[in-house]
Amino acid sequence: MLKQDIKNAHDRSVRKVIYNSFGNIISCSYDKTIKIWELDNKGNYINKKIIKNEDEVRSLILLEDKNLLVSSGERFTNIWEIQNDDNYKLIKTFNETYCRTQNVLERISEDIIIVAKSPFALKVISLSQLKVIKIIEFEFGFNSLKYIKDKGIFLVGGYRNEKDGSSTIKVLRSNNFEEIKTIYDTHNYAVEGFCLLKDGLIASYSYDYLINIWSIKMP
């Protein structure tokens, strides 16, 4: 049963929706805004705050243990300090990001987040230092990231080349960014995202209509 239809939540496509411990929804959009939604006394979500950006907002990560919200778009990655439920202060902007989808912004440790720098590189950002500490370059473009905490790894998925669209998955260690394995031609098109399953399994999905199930066995 449809509980609520929030019409015209944004002026353009909604790219990411997350939820915080206050019970609020946080959404972002191509319309260059982040919006905070709270429940009213009738149990419906209403817009509480609009955070304006200079760029399309394609992805969000909420880091409540550090009182931070990270947003990323095609040109900028912004770090916002959550001073209270009503006040989000921009404390750092990283230029030259290239976040084309909602799946290329990920936290891989208490202090480290990774974000797309371009179609072929990742920025590794220290939250405590608020600076880029490493850039990881790839030979292929990528659309998706996934951190697997209990294995101490993260996955990078994308496309092997633009001509045939065949896809590639790389497995890297999260503590030192060592590459463990590269799997080519996993889908007919780029890997759009990953989903963690039980029993050490993971699913990858793509525009080729396929969901592939993988077993993770660490070397």
Colleague: Quick test of your reading: applying side-chain hydrogen bond (donor to acceptor under 3.5 Å, both in side chains), list the pairs with at least one residue in residues 194-205, sequence neighbours left out, ordered by first then second residue.
Modeller: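 For residues 194-205, and leaving out neighbouring residues, the side-chain hydrogen bond (donor to acceptor under 3.5 Å, both in side chains) pairs sorted by first residue read His187-Ser204, Ser204-Trp214.
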Colleague: Holding to salt bridge (Lys or Arg N to Asp or Glu O under 4.0 Å), I want the full list of residues that pass it with Asp5, two or more places apart in sequence or in another chain.
Modeller: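 Per chain and number, Asp5 pairs via salt bridge (Lys or Arg N to Asp or Glu O under 4.0 Å) with Lys7.
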Colleague: What donor-acceptor contacts under 3.5 angstrom involve side-chain atoms of residues 25-32, with partners at least two apart or in another chain?
Modeller:
from, atom 1, to, atom 2, distance (Å)
Ser27, OG, His10, NE2, 2.7
Ser27, OG, Trp37, NE1, 2.9
Ser29, OG, Arg12, O, 3.1
Ser29, OG, Ser13, O, 2.8
Ser29, OG, Asp31, N, 3.0
Ser29, OG, Asp31, OD1, 3.3
Tyr30, OH, Arg58, NH1, 3.2
Asp31, OD1, His10, ND1, 3.3
Asp31, OD1, Thr33, N, 3.1
Asp31, OD1, Thr33, OG1, 2.6
Asp31, OD2, His10, ND1, 3.1
Asp31, OD2, Asp11, N, 2.9
Asp31, OD2, Thr33, OG1, 3.4

Colleague: For Lys92, what residues pass the side-chain contact (heavy atoms from CB on, under 4.5 Å) criterion, not counting sequence neighbours?
Modeller: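 With sequence neighbours excluded, Lys92 shows a side-chain contact (heavy atoms from CB on, under 4.5 Å) to Ile79, Phe94, Leu130, given in chain and number order.
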Colleague: Taking atom CG of Leu127 and atom CD1 of Ile133, what is their separation to the nearest 0.5 Å?
Modeller: 9.5 Å
Colleague: Calculate, to the nearest 0.5 Å, the distance between atoms CZ and CZ belonging to Arg107 and Phe154 respectively.
Modeller: 15.0 Å
Colleague: Listed by chain and number, what are the side-chain hydrogen bond (donor to acceptor under 3.5 Å, both in side chains) partners of Glu96, not counting sequence neighbours?
Modeller: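 Residues passing side-chain hydrogen bond (donor to acceptor under 3.5 Å, both in side chains) with Glu96: none at all.
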Colleague: Run the side-chain contact (heavy atoms from CB on, under 4.5 Å) test against Ser21 and tell me which residues pass, sequence neighbours left out.
Modeller: Glu64
Colleague: Quick one: list whatever passes salt bridge (Lys or Arg N to Asp or Glu O under 4.0 Å) with Lys52, sequence neighbours left out.
Modeller: none
Colleague: Strictly by side-chain hydrogen bond (donor to acceptor under 3.5 Å, both in side chains), give each pair with a member in residues 133-144 just once, sequence neighbours left out.
Modeller: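 Listed by first then second residue: Glu139-Lys170, Glu139-Tyr184, Asn143-Glu192.
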Colleague: Name the orientation class of the two ring planes belonging to Phe138 and Phe142 (parallel below 30°, tilted from 30 to 60°, perpendicular beyond 60°).
Modeller: perpendicular
Colleague: Only counting residues at least two apart or in another chain, list the ones meeting side-chain hydrogen bond (donor to acceptor under 3.5 Å, both in side chains) with Thr77.
Modeller: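 For Thr77 the side-chain hydrogen bond (donor to acceptor under 3.5 Å, both in side chains) partners, ignoring immediate neighbours, are Ser72.
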Colleague: Within this structure, what is the CG-CD1 distance for the pair Leu201 and Ile216, rounded to the nearest 0.5 Å?
Modeller: 8.0 Å
Colleague: So, using salt bridge (Lys or Arg N to Asp or Glu O under 4.0 Å) as the criterion, who are the partners of Asp208 when residues are at least two apart?
Modeller: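 Applying salt bridge (Lys or Arg N to Asp or Glu O under 4.0 Å) to Asp208 gives none.
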Colleague: Partners of Arg15 by salt bridge (Lys or Arg N to Asp or Glu O under 4.0 Å), sequence neighbours excluded?
Modeller: none
Colleague: With sequence neighbours excluded, what pairs up with Asn176 under the side-chain contact (heavy atoms from CB on, under 4.5 Å) test?
Modeller: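 Counting only residues at least two positions away or on another chain, Asn176 forms a side-chain contact (heavy atoms from CB on, under 4.5 Å) with Arg173, Glu178.
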Colleague: Can you name the one residue among Leu155, Asn212, Ile169, Thr168 that meets side-chain contact (heavy atoms from CB on, under 4.5 Å) with Val191?
Modeller: Ile169
